[in-house]
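The next block holds one structure in the form of structure tokens; read it before the comments.
Order of the sequence lines fixes the chain letters, A, B, ..., with proteins taken first and strands second; residue numbering starts at 1 for each chain. Side-chain atoms are counted along with the backbone in the values below, which use heavy atoms only and exclude waters and symmetry mates.
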Amino acid sequence: MAKSITQEFVKGLWEEIPPFRLVLGLCPTLAVTKTIQDGIGMGVATTFVLVCSNVLVSAMRNIIPSKVRIAAFIIIIATFVTVVELLMQAFTYPLFLSLGIFIPLIVVNCIVLGRAEAFASKNAIMHSLADGLGIGIGFTLALASLGAVREVFGSGTFWGAPVFGPSFHPFSFMIEAPGAFVCLGLMLCIMNLVGKK
Amino acid sequence: MRELIKMVVVLTVLSAFSGGLLASLRNGTKDKIEYQQLKFVKGPAILDIFKGATNNPLLDRFKLKDGTVERSFFVGKFNGKTDTVAFESYGKGFGGDIGLMVGVNLDTNKIVGVGVTTLSETPGVGSRAKTDPSFVAQFKGRPLEETFKVKADGGQVDALSGATVTSRGVAAGLTDAGLIYKRLKPELEKKLKNFSTKAVKTKKGEKNG
């Protein structure tokens, strides 16, 4: 039962990588991965919220009465999301503009609430921190890879720099919502093929 | 009963703590956020209007009360004369309000430049109001106090083809800007006079914002 802190961290990177393995948090996964920057920005913001809320929920797990635990978790999560939103507006305004409504929507991201409820409320602080960090980095990697694929094929650029010659005609389907679904489906497929025993 | 009290206390303390934290963070980042918003949303339009100005119009700004609304004005300095201001007005477009930054010279009452700050028009159609510089360029040098109308409505504005509603919105926004200008002109002149003397005094400290 008792896993080491390292194990808790590593499981989020592959075994339980949120969008691909748990198929959770799909709303931001599909909506903001038009470019790799947006994907990473969203991932980092979510990781911050995840780590902070996991630590606080874990620290308060014996104080919060179980009947109002969800309400308490939401307060904690919403606070950190607002912190991220304010900091993003103050320091990385262009990123804030391109992520738009999806920053405040981290509050209802089921990964964050899911980890608070399923993990942090039952485990020690260090384990919860490792869990949040692992899941968060896994989420960031997933968003970044999806964003990279969509950006390369959809706009012909990688991190804003063109990768193909001027003759390349962007496959704009990939930038749109259906492209996100198809791309995610193919990546799930690849993950399952690779992970098959 | 004990459990009930505990629930109330925990939630109250948690909410109070969170509220306090957010309020102080908001206060701490307020100026920074305002400047960032200016820089990225209105900044490009303002700097475009004030091309060739010797000051930083984003820093040289003031607010004036217009009835119940408070409006921001940006000051441009050309050839040592602070006689140009820019301010924002809105017109109803096809997909919501179109924000216009209008620069006007107080001596001649003529428009020095118009830039679109915010719009939610149809991409590729109405959005050309922002992306096609030749559309807003037609307003340059026109007296701001006239009523703007698109040509189809018997006015003087060349509409964007296929985007008449957007063009009407821009025209309405400019007309509104003219009304604001007329209302506030005496106060603006007073402010600018103060500004040209004050700007010299505070120049050293405030320049590196």
Side-chain angles (χ1 to χ4, degrees), chain A residues 34 37 41 45 48-49 52-53 55-101 103-104 106-107 112 116 120-121 154-155 170 172 175-177, chain B residues 1-47 58-59 72 95-97 99 101 115-125 127 130-131 209:
Chain A
K34 282 187 181 141
Q37 288 113 307
F48 173 80
V49 173
C52 294
S53 64
V55 168
L56 202 61
V57 164
S58 170
M60 294 182 71
R61 70 186 187 279
N62 296 324
I63 311 170
I64 298 173
S66 67
K67 276 185 187 161
V68 291
R69 65 180 195 284
I70 299 290
F73 296 166
I74 292 284
I75 295 173
I76 293 171
I77 294 166
T79 307
F80 286 118
V81 170
T82 316
V83 168
V84 166
E85 198 186 352
L86 286 171
L87 290 179
M88 240 184 198
Q89 279 189 62
F91 297 104
T92 55
Y93 200 73
L95 185 66
F96 172 77
L97 285 184
S98 70
L99 295 181
I101 185 68
I103 291 296
I106 297 174
V107 176
V112 183
S121 63
S155 343
S172 62
I175 292 285
E176 283 152 29
Chain B
M1 195 60 196
R2 261 188 68 94
E3 206 197 341
L4 192 74
I5 292 171
K6 197 184 170 194
M7 278 194 245
V8 172
V9 168
V10 167
L11 280 187
T12 311
V13 170
L14 203 57
S15 309
F17 179 74
S18 130
L21 176 77
L22 291 181
S24 56
L25 188 69
R26 200 192 131 75
N27 276 342
T29 53
K30 209 168 125 195
D31 293 341
K32 186 105 184 140
I33 290 174
E34 200 186 316
Y35 184 70
Q36 293 268 333
Q37 278 170 344
L38 283 177
K39 196 170 155 196
F40 287 102
V41 180
K42 297 172 186 172
I46 297 171
L47 294 180
L58 290 183
L59 289 177
S72 289
D97 280 348
M101 186 59 70
V116 176
T117 49
T118 50
L119 90 174
S120 40
E121 303 302 288
T122 321
V125 187
S127 70
K130 187 170 184 170
T131 52

Max heavy-atom pairs within cutoff under 4.5 Å with chain A, candidates Leu21(B), Leu11(B), Val9(B), goes to Leu11(B)

May I ask you to name which of Ile64(A), Ile75(A), Leu87(A), Leu56(A) has the most heavy-atom pairs under 4.5 Å with chain B?
Ile75(A)

Which is it for Gln36(B) and Phe91(A) under the side chain to side chain contact (heavy atoms under 4.5 Å, CB included) test, yes or no, and what are the steps along the way?
CA-CA 8 Å; Gln36(B) 293 268 333; Phe91(A) 297 104; 6.0 Å; no

Could you tell me the separation between the CD atom of Gln37(B) and the CG atom of Leu97(A), rounded to the nearest 0.5 Å?
8.5 Å

Show the nearest heavy-atom pair for residues Leu14(B) and Met60(A), with the distance to one decimal.
CD1-CE, 3.6 Å

Looking at Leu22(B) and Thr79(A), what are the two nearest heavy atoms and their distance?
CD2-O, 3.6 Å

Distance (rounded to the nearest 0.5 Å) between Met88(A) CE and Thr29(B) OG1
14.0 Å

On a heavy-atom basis, which atom in Val10(B) and which in Ile63(A) lie closest, and how many Å separate them?
CG2-O, 3.8 Å

Which heavy atom of Met7(B) sits nearest a heavy atom of Val68(A), and at what distance?
SD-CG1, 3.3 Å

Within a radius of less than 6.0 Å around CZ of Phe17(B), do more than 12 heavy atoms belonging to other residues, nucleotides or ligands occur?
no

Check each atom of Glu34(B) against the heavy atoms of chain A and say whether the ones under 4.5 Å are side chain, backbone, both or neither.
neither

Ignoring hydrogens, what is the shortest heavy-atom contact between Gln89(A) and Ile33(B)? Give both atom names and the distance.
OE1-CG2, 3.3 Å

